[in-house]
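Down below is the structure, laid out as structure tokens.
So that the names make sense, note that chain A is the first sequence line, chain B the second, and so on, each numbered from 1.
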Amino acid sequence: MGMLYHRQHLGRRRKTPEVVQIAGLPPQVLQRYEIEIKEGEKVKKCWRLKGVNSTYGLWEYQGDLKILDEVLEWRENLNKKGFTGFLPLSKTKGGKNYVQSGQRAYYLTAWPEGVPFNLQQDRSLGQVVEALSVLHSYHKNWAVKKTAEQTEKAEFVWLKAQQERLTKLLAFYRYLLEKRLANDYERLYVESFEDFYRRGQEAIQKVVLAGCDTEDSCGKDFLVGNFLPDNLLETEKGILFWETTYRQKGLSIQDLVLFLKMYLPLKKWDGKMAREMLVRYREKVDLNNQEKQMFLAQFSFPGRYCFYAEQYFKGAEEVNTLSSKLMNYLYEVSGYDYCLEKLESWLLGE
Amino acid sequence: MKKEDLAQNMLLFPEKPGYPWQVLEADGETWLIVRRKEKVSAHPLSEVSGVSLKKFAWTLVYENAEKCFYRGEIAFQVNYQEMESTPEKTEAQDPWMEEYLFNELLLTEKKEEGFLSLEENPLSLKEENRVVETAFSTLLLDGAELDGGQDSPPLVGNKTWEVVLPWRSWLRGKGTNKPPLLKKVHVAQIGLSTLLLEALIKLERKEEFDFAKEEDPLTVVAEETIFEITQDSVCEIMGLSTERGLGKCSYEARCECLLLQYLKKISLVYVSSYQGGERLSLASSVGEESIRMKNCAESLYPVGVTSGSEQVKWGLIGENKIFSQSKSFCKIQRELEEEKGEVIPESSKPVIKEALPFIKRNKPGEKWLKKRDNLPNCTFKTVMTIKI
């Protein structure tokens, strides 16, 4: 009798999920989910966890938990509406979207199957635009949830940040004028500064004039913000964004501008291709006049020029490398201008 | 004649290149650097193929025993070539990453890198890492090498940049004028489509100083100096000039000698080793100079003091040190030379005989008290406010 009890007891104990020790992951996190994990490993920014029947991704988050709450709720809503670009979230035993452990939070998602994003293929680029258009079509009809802390409009935060960058450029320029220019980077910078500063100021003026000031005039919400090849996965259902806790809000059109500015240089600023991308985007999102103006204004802001300047003045990269990068960028500019001109005449001439 | 030897080390600080000219006026010589930079094309340039001197003319518009003034013009033709097509990327580049990082840092970067510190010194890059060889083409020529106005044969695709640089300058010193000399010409591409041209002109007017023939008390100081130039590297020394100013003469009773003190500015005219930007440069150092005239035992204030320097020789040690041997001299004039100057005769000298009249000072408030006395009788009361 005693032996039988012992066997039954052991059998019952075996059924409770075992807690697997995974390097760097607090053990109590997994206990909060209804899953049984066999093994796990850290893959870039998350843990890939193998369960009995499926694979999961466990993501670590550091920062304001209120924002995480909001972002995950945003994702969940989009998933419910049928958007397949984000990984589906798993709830904790208590029905929450994440587990808090100390200063960090962890959230669990499914682990998708797919192939890495190929930035050289036009088809892959088109898929990202497609995914963005679907995402932004949901934003269009969705009132932005306002938090108590949100005192400033999202677009003004971006505008201020851009203006600060331009002011820095001006300070760098004035500093260099007082010195003897010592290398090609400084000489190229001084030669090109006035043109790029003017471009930046004009872009900011256009953003202000575009004036997405009325609540529903432009789509606004959390931005994807990360279009690095590592963050994109080509699945059967289209492009999937791995990490989506970018935390910044803004005009939806900013995501499209960022994506195009990241990858169009690889296509030598092909105006025809840029137009095709926009056509594809507009199949699902109808851009109003303000959004068109906003798109063109954001597109014309010389972000990489500012980035190189900051890299140089921080001493973050070798002078020769930066000189070469700036020189290439300056060579690119004629193509960039041509592309912008084409888009402008096409968008505004309609 | 007394002789004294001095050995010293001095730091030279490069001066910021001036546009459209930079002048160094010293005793007996003036160095003039004329410069221009210009965006010569809307397209990127591939190389600077040549430079020719089209004109070098001047007029002496004013002259007296102490100084003269030149007005002139120098013209060049610079030949360059434009790129036929935009070059392929020279180095691996990830534009997607850079655009992403810019966007990422736009809102997340720390605010403490604020504008105040930025205005003061925005450059975190170490000064020694700043100077890097240029990838653009440059030309450095001796003035004598230039062809003097002959047109170079036209090359296919060659473009020209005509540069006319007017110049004018004072030249201080006694003696005969030597004709202005074009010493160096430097042309460089400083950007995708910007060219720089700089030319160094020397004006000279010196009288030979014969130490042996001097009758007045003379002190000669032989100096050996090692100059070290900061933040630059010297390729060729063109000249070393000394200027003295703000002189003061005192008497040192203990040594029974006259002490002459000056501010002395030593300037080096040189060609910098750093290619790419301005290469014809000036570097200078200001210091004090004290010379004891030990053969002037009388405690008489001198009527005149003449000082000067003569460079004996100089040489470059490594890339940033210059060894110099020079002679500085001081000459005292004890009495006025009556036949040359206008010495006022004793009889006509004004003598102050009367002392200034004593000015009586009013008592405090006396003026107002008088005014009150003149007023008709009335019942007004005076209110006085005293501010502490």
Choice from A/P229, A/G315, A/S192, A/G303 maximising heavy atom contacts with chain B below 4.5 Å: A/G303
Neighbour count above 12 (heavy atom, 6.0 Å) for B/E25 CD: yes
Closest approach of B/G191 to A/E191 (non-hydrogen atoms, all atoms of both residues): CA-OE1, 3.2 Å
Minimum heavy-atom distance A/R187-B/G277, with the two atoms named: NH1-N, 3.2 Å
Chain B contact via A/Y308 - which portion, at a heavy-atom distance below 4.5 Å: side chain
Contacting region of A/L260 [heavy-atom separation from chain B under 4.5 Å]: neither
B/E162 atom CD: more than 12 heavy-atom contacts under 6.0 Å: yes
Check: B/K16 side chain, A/L177 main-chain N or O, donor-acceptor pair, under 3.5 Å: yes
Which atoms of B/Q275 approach chain A - backbone, side chain, both or neither, heavy atom under 4.5 Å: backbone
Side chain to side chain contact (heavy atoms under 4.5 Å, CB included) assessment of B/E98 paired with A/M262: CA-CA 8 Å; B/E98 289 150 7; A/M262 281 171 76; over 6 Å; no
Pair B/S272-A/R180, side-chain donor/acceptor within less than 3.5 Å: yes
More than 12 heavy atoms of other groups within 6.0 Å of B/Y19 OH: yes
Toward chain B, the part of A/L264 with a non-hydrogen atom under 4.5 Å: neither
Within 6.0 Å of NZ in A/K267, more than 12 heavy atoms from elsewhere: yes
A/N183 side chain vs B/R130 backbone, donor-acceptor pair below 3.5 Å: yes
Pairs of heavy atoms under 4.5 Å with chain B: top-ranked of A/V190, A/L228, A/L266: A/L228
Contacting region of A/E178 [heavy-atom separation from chain B under 4.5 Å]: both
Shortest non-hydrogen contact between B/Y100 and A/G225, atoms and distance: CE1-O, 3.5 Å
Where A/L188 and B/L192 come nearest, the two heavy atoms and their spacing: CD2-N, 3.7 Å
Nearest heavy atoms of A/L258 and B/E99, plus distance in Å: CD1-O, 3.9 Å
Atom group of B/E133 that falls short of 4.5 Å from chain A, counting heavy atoms: backbone
Side chain to side chain contact (heavy atoms under 4.5 Å, CB included) between A/Y331 and B/M83, worked out: CA-CA 11 Å; A/Y331 288 145; B/M83 279 182 184; 3.1 Å; yes
A/F307 side chain near B/N103 side chain, heavy-atom distance below 4.5 Å: no
Region of A/Q162 that comes under 4.5 Å of a non-hydrogen atom in chain B: both
Under 4.5 Å from a heavy atom of chain A, the part of B/S193 involved: both
